[in-house]
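To start, the structure under review is shown below, and the notes come after it.
One-based numbering along the sequence shown.
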Amino acid sequence: MKISSIIIILSMLTFATQAQDLERSRPSDWKGMVFGGRFMDRFLPMPNTDKLRSNVWGTKEVKPRFIDNGIEDAEWSYWGGNIQVDDDGKYHLFVCRWREDDPKGHMAWPRSEVVHAVSYASVGPYKVKDVIGPGHNPEIQQLKNGGYFLYVHKFSENNYYYADNLNGPWEKRAFVYDTRERPILDHISNNTFAKREDGSMLMVGRGGEVWISKTGLPPYHQISSTSIYPPYEGRYEDPVVWKTNIQYHLVVNDWLGRIAYYMRSKDGIHWKLDKGEAYLPGIAKHKNGEIEDWYKFERIKVLQDSYGRAYQANFAVADTIKKQDKRKDHHSSKNISIPMTVGRLIELVDSNKIDKNTSEIKLLVKAEQDFNPHKDIHFKSLRFGASEEVDFGRGSKLIKKEKRGKDLLLTFNGSGNGITEANFVAKLLGKTKKGTLLFGFARLPWLSYVEPVLSSKYPEFTLHSKNCISTIEIENFGQVASTTSKVIIEYLEQGQWKVYQTKEIPSLQPYEKIMLTLLGKKIGNRNTAVEVKVTILSKNQAPVLLEGKIVVR
C-alpha cells in the first residue's frame with residue numbers, strides 16, 4: 001500500500017473518531033412554517049449587552065460576551081444543571097463541574113462534582129455556595145412532602161441526593177429502578193422529571209422510556225416498552241420534561257446532528273411531535289443582534305413560573321468539539337441562561353366539542369401583570385386552531401372581540417381550525433403590536449386530562465396436563481380510579497396470533513395492583529420461549545400493548 005493511501009486512511013479514521021457533528025436534512029413537511037411555529041422562536045435576546053467582555057477564554061465566535069450570564073470561571077468547566085427559586089426570591093442552580101486543568105480536559109467530566117450556586121437574578125451571575133458531592137448531569141425537583149430530590153448520573157453507580165431544603169444537608173441514597181420486565185432502550189442516565197397533579201413524579205430516561213413514582217422518590221416503575229422520541233434518525237440524549245397547567249412538554253437533543261426536537265403530551269405518556277427545530281447553535285443572541293456562536297448547546301433545562309410556563313432556558317455550552325478542549329487551553333464550557341417568551345393564559349369558553357358544524361369559537365384571553373390583551377395584541381395576525389394549521393399561517397380567523405373586564409373575549413370563525421381527534425389542545429398564534437411573538441395553548445373542555453394508566457407485566461405460563469395456567473400482574477399508575485376493563489392475552493403459533501384468554505379487570509384505585517389468574521389451553525412446551533402479546537382495553541385510556549417472548553414453565 002502506498003504511503004499516501006495510508007495517510008488518507010489515517011486521516012479518515014481520525015475524523016471519524018473526533019467528529020462531533022453531522023448535518024441532518026430537515027423533513028420536507030417543515031417547509032412553510034411561520035414565526036412562532038417552532039419552539040426555537042420562543043428564545044429571546046440575552047440581557048446585559050452593555051457589559052460584554054473579550055478578555056476571557058473561548059474562541060472568537062463566543063466573544064465578546066457577558067460572563068455573568070449563568071456561571072463560568074477560569075478554574076472550572078461547568079455542565080448541565082437546573083434552577084429552583086426559594087420563597088425569598090433567591091435562585092438556586094445545581095450544576096456539575098470539573099477542573100479545567102485536569103489532564104483529560106473536557107473528557108474529565110466522569111469525575112465531575114455537583115455544586116450548589118446562588119443568585120438574586122434568574123440569569124446570574126451564580127456563585128458557588130457549597131459542594132454537594134460526586135455526580136454528573138444533575139436535575140433537582142421539589143417533592144410533594146416539601147423536600148428536594150437531586151438526581152445525578154454516575155458511571156459506577158446510580159445515586160441521588162435528598163435534603164429537606166435547598167441548603168441541605170444532602171444525604172446520598174441509592175437510586176432504584178423497577179423495569180417491570182421492559183427493555184432499557186439506552187443506558188440508564190440523563191433522567192428528567194415532571195411533577196404530576198397528585199404530587200407523583202413522571203420520569204423520562206435517556207432512551208425515551210417513561211417511568212412513574214408515586215412519591216417522587218425511587219423506586220421508579222417503567223411503564224413503556226418503546227421510545228417516545230421522534231421517528232427521525234438521531235443520536236438522542238438530554239431530554240427535559242416539564243408540565244404546565246395545560247399539558248406536558250419535552251425537548252430532546254440529537255447531539256450528533258446538533259438539532260433538538262419539541263414534543264407535547266396530554267398525560268406525559270403518549271406524545272405528539274411538533275414540527276420545526278426546538279433549538280440549534282446560534283440561539284444565544286444579544287439585543288444588538290450579535291450572536292454568541294457556541295459550538296455545542298446541550299442539557300437544556302427550563303425555569304418555570306407558577307403556571308408551569310417556561311420563562312428561561314439554561315444550557316450547557318462549549319466553544320469547541322469536546323475532545324479538542326484540553327487542559328490549560330483557551331477552551332472550556334459553562335452554563336448560560338436565555339430568556340423565553342411565555343405562552344399566554346387562554347381558555348375556550350364553550351364546552352361543546354369543536355367539529356365541522358362549529359360556526360364560531362369563543363376564546364378568553366386573560367390579562368396578566370405584564371400583558372394587556374386590549375392594547376398589546378396585533379389582532380390581524382391572530383390564528384387559532386390545531387398546531388398543524390396555525391404553525392403554517394392557517395387556522396381560524398378572528399371575527400370579533402369583546403371586553404370582559406381586564407380580560408378579552410375573542411370570537412373566531414369555525415372553519416379551518418383543523419382540530420381533530422389527534423389534538424388535545426388548541427393553539428393561538430400571532431404577534432404583539434411591537435412585533436414580538438404571541439402564543440398560547442388552550443385545553444379542549446370535552447377531554448379528560450387526568451386518566452387511569454393501566455399497565456401490565458408479562459404473563460407467566462405454567463403447564464398443567466392439557467391446560468395452561470397464566471398469572472398476570474396489572475397496576476394502575478394513573479391518578480384516578482379505572483373503570484372495569486379487560487385484558488387480552490394472545491400467543492403466536494405458526495405465524496398467526498391466537499387468543500389465549502380474555503379476562504375482566506376490576507376497577508383499580510390509583511397505584512393499586514392486582515394479580516389475575518387465567519386458565520386456557522396448553523401452549524408451547526415446558527422451558528420453551530413463546531411470543532405473547534398483552535392488550536389492555538379501557539374506556540378511559542388508549543389501548544395498551546405489551547409484546548415479547550416469555551418462557552413456559
Dump the intermediate steps for side-chain contact (heavy atoms from CB on, under 4.5 Å) on V342 and F371, then the final yes or no. CA-CA 11 Å; V342 300; F371 175 64; over 6 Å; no

side-chain contact (heavy atoms from CB on, under 4.5 Å) between Y177 and M203, worked out: CA-CA 11 Å; Y177 298 89; M203 180 180 91; 3.9 Å; yes

In sequence, state the C-alpha distance, the side-chain angles, and the governing distance for I354 and L348, and then conclude on side-chain contact (heavy atoms from CB on, under 4.5 Å). CA-CA 10 Å; I354 296 175; L348 286 165; 4.3 Å; yes

Please assess I259 against Y232 for the test side-chain contact (heavy atoms from CB on, under 4.5 Å), listing each intermediate value before the final yes or no. CA-CA 11 Å; I259 177 175; Y232 306 129; over 6 Å; no

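Between I523 and K498, the closest side-chain pair of non-hydrogen atoms is not below 4.5 Å. A 4.5 Å side-chain heavy-atom check between N417 and F384 finds every atom pair outside the cut-off.
Side-chain contact, Y511 with D198: a donor N or O sits under 3.5 Å from an acceptor N or O.
The pair R299-D238 meets the salt-bridge criterion, with a side-chain N (NZ, NE, NH1 or NH2) lying under 4.0 Å from an Asp/Glu carboxylate O. The residues D391 and K275 are annotated as not salt-bridged, no charged nitrogen and carboxylate oxygen being separated by less than 4.0 angstrom. E473 and R180 are not joined by a salt bridge, as no carboxylate oxygen comes within less than 4.0 angstrom of a charged side-chain nitrogen. With respect to K533 and E547, no salt bridge is recorded, no charged nitrogen being found less than 4.0 Å from a carboxylate O. In summary, E181 and K457 do not engage in a salt bridge, as defined by a charged side-chain N under 4.0 Å from a carboxylate O. At a threshold of 4.0 Å, the pair E421-K353 counts as salt-bridged, since one of the basic side-chain nitrogens sits closer than that to a carboxylate oxygen. Between E389 and R383 there is no salt bridge, since none of the side-chain N atoms of the basic residue sits less than 4.0 Å from a carboxylate O of the acidic one. Using a cutoff of 4.0 Å between basic side-chain nitrogens and carboxylate oxygens, K214 and E475 are not scored as salt-bridged. In summary, K272 and E388 engage in a salt bridge, as defined by a charged side-chain N under 4.0 Å from a carboxylate O.
Scanning all heavy atoms of the two residues, the minimum distance from G418 to A386 falls at O-CB, 3.4 Å. Taking every heavy atom of both residues into account, S482 and N476 meet most closely at N-ND2, 3.7 Å. Here the closest heavy-atom approach between residue K503 and residue L516 is recorded as CG-CD1, 3.9 Å. The minimum heavy-atom distance between G135 and S112, with the atom names listed, is O-OG, 2.9 Å. For the residue pair L447 and F424, the shortest heavy atom distance occurs at CD1-CA, 3.6 Å. Scanning all heavy atoms of the two residues, the minimum distance from V176 to P218 falls at N-CB, 3.5 Å.
Ring pair F94/W170: centre-to-centre distance below 6.0 Å. Taking the centre of each ring, Y148 and Y161 stay at or above the 6.0 Å mark. Within the 6.0 Å centre-distance limit, the rings of F149 and F193 are counted as a close aromatic pair.
Remark: side-chain polar atoms of N82 are paired, donor with acceptor, to backbone N or O of I140 under 3.5 angstrom. Distance alone, capped at 3.5 Å, is enough to place a donor-acceptor pair between the R309 side chain and the G343 backbone. Panel note: side chain S224, backbone V210; a donor-acceptor pair is recorded below 3.5 Å. At least one donor-acceptor pair closer than 3.5 Å links the side chain of R443 to the backbone N or O of I246. For the pair Y449 (side chain) and L444 (backbone), a donor-acceptor distance under 3.5 Å is present. A donor-acceptor contact shorter than 3.5 Å is absent between the side chain of S470 and the backbone of L518. Panel note: side chain Q479, backbone E197; a donor-acceptor pair is recorded below 3.5 Å. Panel note: side chain S456, backbone I474; no donor-acceptor pair is recorded below 3.5 Å. Side chain of S485 to backbone of T483: a donor-acceptor contact under 3.5 angstrom is found. Although no hydrogens or angles enter the test, the distance criterion places no donor-acceptor pair under 3.5 Å between the side chain of Q501 and the main chain of I489.
Other residues, nucleotides and ligands place no more than 12 heavy atoms under 6.0 Å from the OH atom of Y307. In K549, the NZ atom is not crowded: 12 or fewer heavy atoms of neighbouring residues, nucleotides or ligands sit closer than 6.0 Å. For CZ of R404, the number of neighbouring non-hydrogen atoms (other residues, nucleotides, ligands) closer than 6.0 Å is greater than 12.
Of the residues listed (W211, F175, F477, Y160), the one engaging Y220 in a ring pair (Phe, Tyr, Trp, His ring centres under 6.0 Å) is F175, and it is the only one.
Ring geometry, Y500 versus Y491: the interplanar angle exceeds 60°, so the pair is classed perpendicular (tilted spans 30 to 60°).
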